[in-house]
Amino acid sequence: MDKVLISPSLLSADFGCLKDDLLKVNQSEADWLHIDIMDGVFVPNISFGFPVLKYVAELCEKPLDVHLMIVQPEKFINEVKALGAMMMNVHYEACTHLHRVVQQIKAAGMKAGVTLNPATPVSVLKDIVEDLDMVLLMSVNPGFGGQKFIPHTLKKVAELRELIDSTGSKALIEVDGGVNLETGKSLVEAGADVLVAGNAVFKAPDMIAMIHDLKNLK
């Protein structure tokens with residue numbers, strides 16, 4: 001892959017001007033739109049439900065990268081599919097029967113991703129990484145936008161890259177949390193394929209220019 005993929009995080013958008021922000025994402029070089037669904041149980045926050053996301057899906061022209069920070073995410077596979085989502089991402093920590101959930105996501109016609117919290121080691125994925133289309137490493141504790149990047153994530157990215165390469169997995173490595181031009185460059189150097197950027201994009205004076213700069217990190 002020549003350039004890193006950029007997935008702006010909807011959580012940081014201006015919800016008073018949501019349509020305007022989504023139109024800017026459409027006009028930009030962003031590859032996907034990252035959507036965090038939170039339930040106030042798995043994480044200490046509630047984001048948005050499917051009625052709002054239906055509106056987002058209708059306006060957004062980018063593939064939807066849906067990240068479920070909820071308990072029992074398998075209950076919502078049909079709803080996520082109905083949005084037209086390209087990727088459904090579930091937390092390792094929230095799925096007792098992870099293999100089953102991954103297969104259900106794929107059977108619904110979506111790509112399957114698995115997310116790891118900052119304290120969860122990469123090694124827990126060694127028996128399932130070959131079945132995954134993507135692994136998302138949280139570089140902050142999930143639940144809120146605008147948090148500071150956890151530096152240890154760089155080591156995890158390198159470990160995950162080694163695991164993926166050694167098993168022949170085709171999984172992409174995505175990183176979410178505190179991503180900006182500085183941390184993004186380090187993540188790309190460590191082996192990340194996809195950067196989720198929230199505040200760095202939606203709070204930038206020029207969103208389209210910021211996405212361009214992130215896209216062209218070397």
*Please tell me if the side chains of His91 and Asn117 come closer than 4.5 Å, counting only heavy atoms from C-beta onward.*
yes
_Between Glu159 and Lys155, does any NZ, NE, NH1 or NH2 come within less than 4.0 Å of an OD or OE carboxylate oxygen?_
no
*Consider only side-chain heavy atoms of I, L, V, M, F, W and Y, link residues closer than 4.5 Å, and tell whether Val25 and Leu23 are in one cluster.*
no
*Taking the side chain as every heavy atom from C-beta outward, state whether Met38 and Leu68 have any atom pair closer than 4.5 Å.*
no
*asked:* Are more than 12 heavy atoms, taken from residues, nucleotides or ligands other than Lys111, located less than 6.0 Å from that residue's NZ atom?
replied: no
*Classify the side-chain pair Asn26/Lys62 by whether it contains a donor and acceptor separated by less than 3.5 Å.*
no
*Do Val71 and Val114 belong to the same hydrophobic cluster, where Ile, Leu, Val, Met, Phe, Trp and Tyr are linked whenever their side-chain heavy atoms lie under 4.5 Å apart, directly or via other members?*
yes
*With His34, which of Leu10, Val194, Asp176 fulfils side-chain contact (heavy atoms from CB on, under 4.5 Å)?*
Asp176
*Give the cluster check for Val56 versus Phe76: same hydrophobic cluster or not, with ILVMFWY residues linked at side-chain heavy-atom distances below 4.5 Å.*
yes
*Given the rule in the side chain to side chain contact (heavy atoms under 4.5 Å, CB included) test, do His212 and Asp206 qualify, once you have shown the distances and angles that lead to the verdict?*
CA-CA 10 Å; His212 172 81; Asp206 187 333; over 6 Å; no
_Spacing of Met207 atom CE and Gln27 atom CD [to the nearest 0.5 Å]_ = 9.0 Å
_Could you tell me if the side chain of Ile173 sits less than 4.5 Å from the side chain of Val135, heavy atoms only?_
no
*Is there a path from Val52 to Val66 through hydrophobic residues (I, L, V, M, F, W, Y) whose side chains come within less than 4.5 Å of each other?*
yes
*Do the ring planes of Phe48 and Phe15 sit parallel (below 30°), tilted (30 to 60°) or perpendicular (above 60°)?*
tilted
*Where do Gly198 and Ser9 come nearest, in terms of heavy atoms and distance?*
CA-CB, 3.8 Å
*Taking all non-hydrogen atoms of both residues into account, name the closest pair between Ala94 and Ile70 and its distance.*
CB-O, 3.4 Å
*Taking all non-hydrogen atoms of both residues into account, name the closest pair between Ser7 and Glu174 and its distance.*
CB-OE2, 4.0 Å
*Does Leu137 reach the side chain of Ser139, with side-chain heavy atoms less than 4.5 Å apart?*
no
*Distance (rounded to the nearest 0.5 Å) between Leu116 CG and Leu125 CG*: 4.5 Å
_Check: Val129 main-chain N/O paired with Thr167 side-chain donor or acceptor under 3.5 Å_ = no
*Hey, what do you get for CD1 (Ile164) to NZ (Lys126), rounding to the nearest 0.5 Å?*
15.5 Å
*Tell me, do Asn180 and Met210 make a side-chain contact under 4.5 Å, heavy atoms counted?*
no
*Can you hop from Leu163 to Leu154 via hydrophobic side chains spaced under 4.5 Å?*
yes
*What are the two closest non-hydrogen atoms of Leu22 and Cys60, and how far apart are they?*
CD2-CB, 4.4 Å
*Between Phe202 and Asp14, is a side chain to side chain contact (heavy atoms under 4.5 Å, CB included) present by the stated rule, with each step listed?*
CA-CA 8 Å; Phe202 287 101; Asp14 181 348; over 6 Å; no
_Quick one, Asp31 with Lys3, criterion side chain to side chain contact (heavy atoms under 4.5 Å, CB included). Give me CA distance, side-chain angles, the key distance, then yes/no._
CA-CA 11 Å; Asp31 298 278; Lys3 291 185 178 181; over 6 Å; no
*asked:* Taking Thr120's backbone N and O only, do any of them form a donor-acceptor pair with Lys156's side chain (distance below 3.5 Å, no angle check)?
replied: yes
*asked:* Please check this pair: side chain of Ser28 against backbone of Ile211, looking for a donor-acceptor N/O pair closer than 3.5 Å.
replied: no
_Check this for me: Glu182, atom CD, are more than 12 non-hydrogen atoms of other residues, nucleotides or ligands nearer than 6.0 Å?_
no
*Side-chain contact, heavy-atom cut-off 4.5 Å: Val196 with Val179?*
no
*Closest non-hydrogen atom pair, Ile35 against Leu53*: CG2-CD2, 3.5 Å
_Using 0.5 Å steps for rounding, measure from the CG atom of Asp65 to the CE atom of Met134._
4.5 Å
*asked:* Quick check for you: to the nearest 0.5 Å, what is the distance between Met87 atom CE and Ile105 atom CD1?
replied: 9.5 Å
*Flag side-chain contact, heavy atom, 4.5 Å: Met138 against His67*: yes
*Quick one: CG on Leu195 to CD1 on Ile6, what's the gap to the nearest 0.5 Å?*
4.5 Å
*Criterion side chain to side chain contact (heavy atoms under 4.5 Å, CB included) on Asn141 and Val43, from CA distance to verdict*: CA-CA 9 Å; Asn141 287 293; Val43 293; over 6 Å; no
*Any side-chain donor near an acceptor of the partner, Ser47 and Asp36, under 3.5 Å*: no
*Can a salt bridge be assigned to the pair Asp213 and Lys185 using a cut-off of 4.0 Å between side-chain N and carboxylate O?*
no
*With a 4.5 Å limit on heavy-atom distance, are the side chains of Asp133 and Lys106 in contact?*
yes
*Glu162 atom CD, neighbour heavy-atom count above 12 within 6.0 Å*: no
*OH of Tyr92: more than 12 outside heavy atoms within 6.0 angstrom?*
no
*asked:* Can you confirm whether Lys54 is buried at NZ, in the sense that more than 12 heavy atoms of other residues, nucleotides or ligands lie under 6.0 Å from that atom?
replied: no
_Check: Asn89 side chain, Thr115 main-chain N or O, donor-acceptor pair, under 3.5 Å_ = yes
*For Val4 and Ala192, work out which heavy atoms get closest and say how close.*
CG2-O, 4.4 Å
